[in-house]
Amino acid sequence: MTIRWTYAFADRPAAHLAAARDFWTAVTGTRLSAPRGEHEEFVTLLPAAGADACVKLQGVGAGPGGAHLDLCVEDVPGLVERARELGAAPVAEHEGWAVLRSPAGQLFCAVTWNGESVRPPVVAGSRLDQVSLDIPPSAYDAETAFWAELTGWELLTGSLPEFRVLRPPAGLPVRVLLQRLDDERPAAAHLDLACADIAATRARHEELGAVHLTDGRHWSVLRDPAGGVYCLTGRDPETGGLPAVTPGATAPHPPRP
């Protein structure tokens, strides 16, 4: 089962969806598609001509919202069957797509591939290119195995024992970080942007309404105007590679706030 494209979905409270749309189109240099869904709760962020979208927004119920992955394939029923064999639970089925829940409780979608093939460009020195799955310790090993088997992507050791990375084949726009939490909280997810200059990107995001929460040696944690937490990391926005870390330095990614 080959995954042909990936989407990072930002899930934000429906009451604040307009603010999320304004903010995320600004920081990604995109424009909005026409809204979709019974309540116009879905929208795609469309990049410049010649590139394909890889980021979407969804209005959800109460709470700050989070993130989830859409996996695009030519055979949605086949991906659903494979996911169920690996321990996922079906949540909802629609024409051409389905919602599932991973063994640790993380929602994701299997959707039809529509020929997407060209990554959006780096915009103002950054690119939204990673979904971090934040997993409680008791579920971490099984959840890591689930995502590695389901995607078939290369599983890499992270910069600390609590980080593993699933690197997709060249050309796919969104990769997956598997982060082991320090305590037994429910599984969740957030978005990460790779930045050539974290300080400059942070300043730009704050001008657009983001609130700074905390910093590390190679990262910054912010809250967007709709209440969702996300991270700016010092990874190369072209390659996704980590910056050089001197011995004894901290890792380039935060624990979940």
Side-chain angles (χ1 to χ4, degrees), residues 8-12 16 19-31 45-48 51 53-57 64-67 119-134 156-165 167 173-182 188-257:
F9 240 109
D11 305 316
R12 297 294 184 262
H16 303 294
R21 290 171 174 175
D22 290 345
F23 178 78
W24 286 104
T25 52
V27 300
T28 58
T30 55
R31 67 188 192 282
L45 306 190
L46 302 173
C54 69
V55 181
K56 297 182 180 183
L57 297 175
R119 295 181 73 191
V122 173
V123 173
S126 70
R127 192 203 305 260
L128 197 167
D129 71 337
Q130 183 167 270
V131 173
S132 175
L133 304 181
D134 308 320
L156 304 175
T157 300
S159 53
L160 285 176
E162 59 265 35
F163 300 140
R164 307 291 295 279
V165 174
R167 184 168 63 189
V174 179
R175 69 180 206 164
V176 178
L177 177 70
L178 299 144
Q179 180 173 214
R180 189 177 68 240
L181 298 172
D182 293 331
H190 67 267
L191 302 178
D192 289 343
L193 291 87
C195 306
D197 184 332
I198 292 177
T201 303
R202 172 187 156 185
R204 178 168 176 262
H205 285 213
E206 289 179 311
E207 289 176 358
L208 293 166
V211 176
H212 172 248
L213 299 178
T214 188
D215 283 324
R217 184 180 294 272
H218 297 300
W219 68 84
S220 189
V221 185
L222 294 92
R223 180 181 293 115
D224 71 23
V229 173
Y230 67 100
C231 294
L232 307 178
T233 77
R235 294 179 298 105
D236 186 309
E238 291 287 353
T239 69
L242 296 173
V245 179
T246 57
T250 56
H253 197 277
R256 179 171 171 251

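Counting from 1, the numbers follow the sequence of the chain as shown.
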Of all residues at least two apart in sequence or in a different chain, which pass the salt bridge (Lys or Arg N to Asp or Glu O under 4.0 Å) check with [X]?
X	answer
Arg127	Glu238
Arg202	Glu206, Asp215
Arg167	Glu154

### Summary
For Ala26 and Arg204 the tightest heavy-atom approach is O-NH2, 2.8 Å
Looking at side-chain heavy atoms only, is the closest gap between [X] and [Y] below 4.5 Å?
X	Y	result
Leu177	Val165	yes
Leu128	Tyr230	no
Leu213	Arg223	yes
Leu208	Val27	yes
Leu45	Trp24	yes

### Message
Please determine whether side-chain contact (heavy atoms from CB on, under 4.5 Å) holds for the pair Val221 and Thr214, giving the CA-CA distance in whole Å, both sets of side-chain angles, and the decisive distance to 0.1 Å.
### Response
CA-CA 5 Å; Val221 185; Thr214 188; 3.6 Å; yes
### Spatial distance of atom CG (Asp192) from atom CD (Gln130) [nearest 0.5 Å]
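It is 4.5 Å, given to the nearest 0.5 Å.
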### Query
What is the distance from atom CD1 of Ile198 to atom OG1 of Thr233, rounded to the nearest 0.5 Å?
6.5 Å
### Task
Please assess Arg235 against Asp129 for the test salt bridge (Lys or Arg N to Asp or Glu O under 4.0 Å), listing each intermediate value before the final yes or no.
CA-CA 10 Å; Arg235 294 179 298 105; Asp129 71 337; 2.7 Å; yes
#### Entry: Ion pair check, Asp224 and Arg12, cut-off under 4.0 Å
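Arg12 and Asp224: salt-bridged.
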